[in-house]
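Read the structure below first, then the notes.
Start at 1 and go down the list; that is how both ligands and their atoms are numbered.
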Amino acid sequence: MILLDGKKTSNEIKEEIAKKVVELKSQGKKAPHLAAVIVGENGASLTYVNAKVKACEKVGFDSTLVSLPIDVSEADLLSKIDELNNDDNIDGFIVQLPLPDHIDEHKVTLAVNPMKDVDGFHPENLGRMMLGLPCFLPATPAGILELLDRYDIETSGKSCVVIGRSHIVGSPMSVLMARNTKVGNCTVTLTHSRTQNLEQITREADIIIVALGKAEFLTADMVKEGVVIVDVGITRVADDSKKSGFKLLGDVKFEEVAAKSSYITPVPGGVGPMTIASLMLNTLQAIDMK
Ligand code: NAD
């Protein structure tokens, strides 16, 4: 079994990006600038946003964190987005999800200028992705492609099962794994909460990408020998032995599934850091697209 080490790979990518930033600056250009908007103080969201801001600092990007109160009105959030859309100093920005119930997530996604949509959630970017046109790919699926690519995993002609059909992970992932590209050319099955006989489907899979958000859902009896496993799930589970009071679990029962896998991502240290790396890569791309 080989560990698909997202932490190590993302650090390598960050070093490459840092060199490009030095190059840009030496040409008299400004450093890329990423902004992140967070509404409220949800613990997990704060952790993710802080990790993104820290990553920006590490590669030499400028970063701005916009913290809005949990009761911010939808109109005020949309006007903040408008401000970021029109701020020439900001190259790309993200709005950390989930948002509180009184805010319509779709309205927010549509309000972001597609040219600054480095999370790749805007319909224009998703549509361009479907057509294979230049665009910002959604950060998590893009990070997974990058990880598979850097580990030289053969995907062409393989059977790939994606578990979970969210707009930000499962659905775009299924499209990307079927594209006629280096990492792609899979025969893809997209499964979800209404799928019947899931274990029969997963047992046939060469590659399984798991993104449903249920801790340790995928067990060894559901996979075949030699399978490649990508675990997107992150669930916080109470753990008194940790200083934070919790540990993170993926959607895969790691030890037993790892024993049957050829490659597998850990949680933490797998897909999470790769999501941040692709956000950085998208922000760099935003400069080129200007
Ligand atoms: P979501 O919560 O929006 O959707 C879950 C999906 O799982 C749904 O499409 C549902 O149909 C499917 N599902 C639920 N039960 C199922 C079952 N029994 N069998 C098959 N499918 C089932 O999903 P999301 O936003 O993609 O998040 C999934 C997980 O990935 C969460 O744990 C989230 O925290 C994590 N996540 C991690 C990263 C990262 O960077 N590592 C990024 C995004 C999301």
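Within the 4.0 Å heavy-atom criterion, the part of I163 lying near ligand 1 is the side chain and not the backbone. The side chain of T140, and not its backbone, has at least one atom closer than 4.0 Å to an atom of ligand 1 (non-hydrogen atoms only; side chain from C-beta on).
Nearest residue to atom 31 (C) of ligand 1 from S278, P98, G213 is G213 (criterion: closest heavy atom). When the heavy atoms of L249, V232, I234 are ranked by distance to atom 34 (O) of ligand 1, first place goes to I234. Among R236, H192, R165, M173, the residue whose heavy atom lies closest to atom 8 (C) of ligand 1 is R165.
When hydrogens are left out, the protein atom nearest atom 16 (C) of ligand 1 is L212 CD1, 3.4 Å; that is the closest non-hydrogen contact. Among protein heavy atoms, the minimum distance from atom 3 (O) of ligand 1 is reached at S166 CB, 3.4 Å. The protein heavy atom nearest to atom 12 (C) of ligand 1 is G164 CA, 3.8 Å. Given atom 43 (C) of ligand 1, the protein heavy atom at minimum distance is V169 CG2, 3.7 Å.
In this structure, R194 falls outside the shell of residues with a heavy atom less than 4.0 angstrom from ligand 1. For the ligand labelled ligand 1, residue G272 lies inside the 4.0 Å heavy-atom shell. Within the 4.0 Å heavy-atom cutoff, Y48 does not count among the residues contacting ligand 1.
Linking ILVMFWY side-chain heavy atoms closer than 4.5 Å, directly or via other members, places L145 and V175 in a single hydrophobic cluster. With hydrophobic clusters built from ILVMFWY side chains whose heavy atoms lie under 4.5 angstrom apart, F61 does not share a cluster with I287. Side-chain heavy atoms closer than 4.5 Å link hydrophobic residues (I, L, V, M, F, W, Y) into clusters, and following such links, even through other members, never connects V267 to V232. I264 and I209 fall into different hydrophobic clusters, defined by Ile, Leu, Val, Met, Phe, Trp and Tyr side-chain heavy atoms under 4.5 Å apart, directly or through other members.
There is a side-chain donor-acceptor pair under 3.5 Å between K58 and N11. Side-chain polar atoms of T140 and T275 form a donor-acceptor pair below 3.5 angstrom. Judged purely by distance below 3.5 Å, without hydrogens or angles, the side chains of R165 and T195 never pair a donor atom with an acceptor atom. Using a 3.5 Å distance cut-off with no hydrogens or angles, the side chains of H33 and T64 do pair a donor with an acceptor.
Of all non-hydrogen atoms in D221 and R203, the two that sit nearest each other are O-NE, 2.8 Å.
Annotation: K214 places an N or O atom under 3.5 Å from an N or O atom of ligand 1; distance criterion only. Every N/O-N/O distance between T191 and ligand 1 stays at or above 3.5 Å. The shortest N or O to N or O distance between S193 and ligand 1 is under 3.5 Å.
Put simply, atom 27 (O) of ligand 1 has no protein non-hydrogen atoms near it, under 4.0 Å away.
The only option from K116, K29, K30 that meets the salt bridge (charged side-chain N to carboxylate O under 4.0 Å, His left out) definition with D91 turns out to be K30.
Close approach to T275 involves these atoms of ligand 1, each under 4.0 Å from a residue heavy atom: 39 (C), 40 (O).
Here K224 does not pair with E204 in a salt bridge; the nearest charged N to carboxylate O distance is not below 4.0 Å.
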